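Inspection log for the structure reproduced underneath, given as structure tokens.
The chains referred to below are lettered A, B, ... by the order of the sequence lines, with proteins before strands, and numbering in each begins at 1. In this text, all values refer to a predicted model and were calculated from it rather than measured experimentally.
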Amino acid sequence: VIVFTSDFGSRDWYVGAVKAVLAERAPRVPVLDLCHGVPPGAIGSAAFVLTVNLGLFPPDTVQLVVVDPGVGSTRRALALRAHGQFWVGPDNGVFAPFLAEKDLSAVELDVEKLAVENPSSTFHGRDIFAVAAARLATGDKLSALGNPIQELKGGEPWWRRTPDAILARVLWVDTFGNLITGVPSEVLREFAPTPQVRLANRTLTGLRDSFHEVARGECLLYIGSSGTLELAARDASAAEAVGIQVGAEIEIRSA
Amino acid sequence: VIVFTSDFGSRDWYVGAVKAVLAERAPRVPVLDLCHGVPPGAIGSAAFVLTVNLGLFPPDTVQLVVVDPGVGSTRRALALRAHGQFWVGPDNGVFAPFLAEKDLSAVELDVEKLAVENPSSTFHGRDIFAVAAARLATGDKLSALGNPIQELKGGEPWWRRTPDAILARVLWVDTFGNLITGVPSEVLREFAPTPQVRLANRTLTGLRDSFHEVARGECLLYIGSSGTLELAARDASAAEAVGIQVGAEIEIRSA
Amino acid sequence: VIVFTSDFGSRDWYVGAVKAVLAERAPRVPVLDLCHGVPPGAIGSAAFVLTVNLGLFPPDTVQLVVVDPGVGSTRRALALRAHGQFWVGPDNGVFAPFLAEKDLSAVELDVEKLAVENPSSTFHGRDIFAVAAARLATGDKLSALGNPIQELKGGEPWWRRTPDAILARVLWVDTFGNLITGVPSEVLREFAPTPQVRLANRTLTGLRDSFHEVARGECLLYIGSSGTLELAARDASAAEAVGIQVGAEIEIRSA
């Protein structure tokens, strides 16, 4: 299987063009669209999507990841082997959060080894990454696609501790208006078992087990389906209710 | 075939995560996305989508329906057999409009029978419904998934009659701005063969056969491709022209 | 393969309904969604999508194109053979830009030959075009679907020359806010090798090779991944920065 994640959205032909290349070069390999709604260029949000869905895919899955604000610059193009799966995408930190150094095997993609002619300078998803993903999906080894490298670019952390709080970025605002952070339940359990978040117009205290513990329209904190702290409003959009967007920082204290 | 309908939208990884579970557990079964743009939590709109597309799918199709504002509450999780197809989703009225009691066979999904461990409390689409759909698609019987139940939750009607009018909810506003009701052409024929709808800034009278019977930008009433009353504007958005949203009520009189 | 392009967007069940018909009538043929985000009724934009992706698909591909603002009027329904592929869609100019008369073989679709009963007057994508595409994908000849015709409806040009400039329509605004024209790099090379575009609040001069030649937030002109002139902003939306929408006209002079 090839799993495809990008910030291409649902409006353009970019997803279709990449899948046309995959269909031509790996015609028998099913392609699964994991997510194309990563906010444009949001590397940390993309890394989060990859991390929380890591366990859904079988060994040897090829994950094609095109969130690539540096396309056409000197950023490297990568293919990796990690967590028993293959990963193809830019070296911009998108793979950083879930790669431990020890299990990593990586190459910098080489246009000549890929036999790609005249790739565009703005659509490596179609012209380079899709070709590499198809090659891996049809049995090629990493070494056939490029030259080994040791260190990858790091990513920005999803959260950090201050002396008396956890500062967490909002990594995602979903269709329902839920605000999703990357703070795992284990971290909360240790540092803020009864978390408290102060917003402009309200203070939320404690974790709820389900939306139905609060009244309609009310906000709540809970551990979402990705195992991290989320802020939602029952039958309403928390993003609208609290006026917060992707990238905003939330301060979590222990009540 | 598994047919998948939800209110997950096109932005998040939720559709992808459900399809990953289906791919793992029913790898040879094709999945067709019917619609993921149901307005968040709009049970009646989802029921409408299922109803109008019922005839497009062959016998034994498994329809997976995740429009589930009550996830995590005490609402039951269902698998059904009706209209020669299987249906999996929450017991919130989403299946009500097209289920006659006589042809119904239903079970309440049982997490132990499904062998699901630690389902999240907010994403039953991935953790429970997808598993049940995959089981049905690979040959399991309803009885292997849960325990028989008799009565399902009813749904809100799409329209109702008053002494001198039909009151119809707008169930859908499509990409073109067309306003779609659930009033079937037969009902109009009987009670309002020349329907009249008064809006803030105009009155529409009579059914048109095609958009091209009115001038550009003008509104019209017609029987849409789903066999029900719609309100559109030629080469323009009726939703913008008349300032109406999903859930609004339209009064239809006989001219 | 059937390749499917439309202006149906990602919200409704229209794409799903068409694919249900294809799955029923051509069950073994894979369907690739090229693009469903064509602006509603934007024939020229749809033609552009088809043109730039023409080379991605193998011989005998069936391209189903439903951008059909004239549905229900007297516009003809077509099936064509051109560029070694099949094309199905309305006769409204959507195929015009890439069809030379010499390589053209076309029929007007005939509802009786297609054996379609009671097609709706507003959803020919489902009721007529999908049926024709499935027939071609399963081996039928053009002549089995309709009657030969000679001339197709022309399309509006994507750009035109004035004595001292090129006037180009914005055919597409993508998810990143890039403004895409249909002016090929060869045309620029001949008439405006150093193109200059004056906007309300800035003047852009010269082509850049990559976004990274300008500062963050700055606008630039470049040849996009489709081989035509685009206007982007680095790490930002050019559409927002310059306040321009699909259909606007840009004047390109030689600096």
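Atom CD of A:E240 has 12 or fewer heavy atoms from other residues, nucleotides or ligands within 6.0 Å. More than 12 heavy atoms of other residues, nucleotides or ligands shown are found within 6.0 angstrom of CD on A:E108. For C:R202, the CZ atom sits in a packed shell: over 12 heavy atoms of surrounding residues, nucleotides or ligands are nearer than 6.0 Å. Around CD of C:E186, the count of heavy atoms belonging to other residues, nucleotides or ligands within 6.0 Å exceeds 12.
Contact annotation for residues 7-33 of chain C against chain A (heavy-atom separation below 4.5 Å, listed by residue number): C:S10, C:L32, C:D33. Using a 4.5 Å heavy-atom cut-off against chain C, the contacting residues of residues 114-128 of chain A are A:S120, A:S121, A:T122, A:F123, A:R126. Residues of residues 40-67 of chain A that come closer than 4.5 Å to chain C, counting heavy atoms only, are A:P40, ordered by residue number.
When each of C:V173, C:I180, C:D235 is scored by its heavy-atom pairs under 4.5 Å with chain A, the top score falls to C:V173. Per-residue counts of heavy-atom pairs under 4.5 Å with chain A were compared for C:S225, C:G37, C:S210; the largest is that of C:S225. With chain A as the partner, the residue from C:G177, C:S226, C:C35, C:G224 showing the most heavy-atom pairs under 4.5 Å is C:C35.
For C:F98, the ring-ring contact (aromatic ring centres under 6.0 Å, His included) partners are C:H83, C:W87, not counting sequence neighbours.
Neither the backbone nor the side chain of C:F4 comes within contact range of chain A; no heavy atoms are under 4.5 Å apart.
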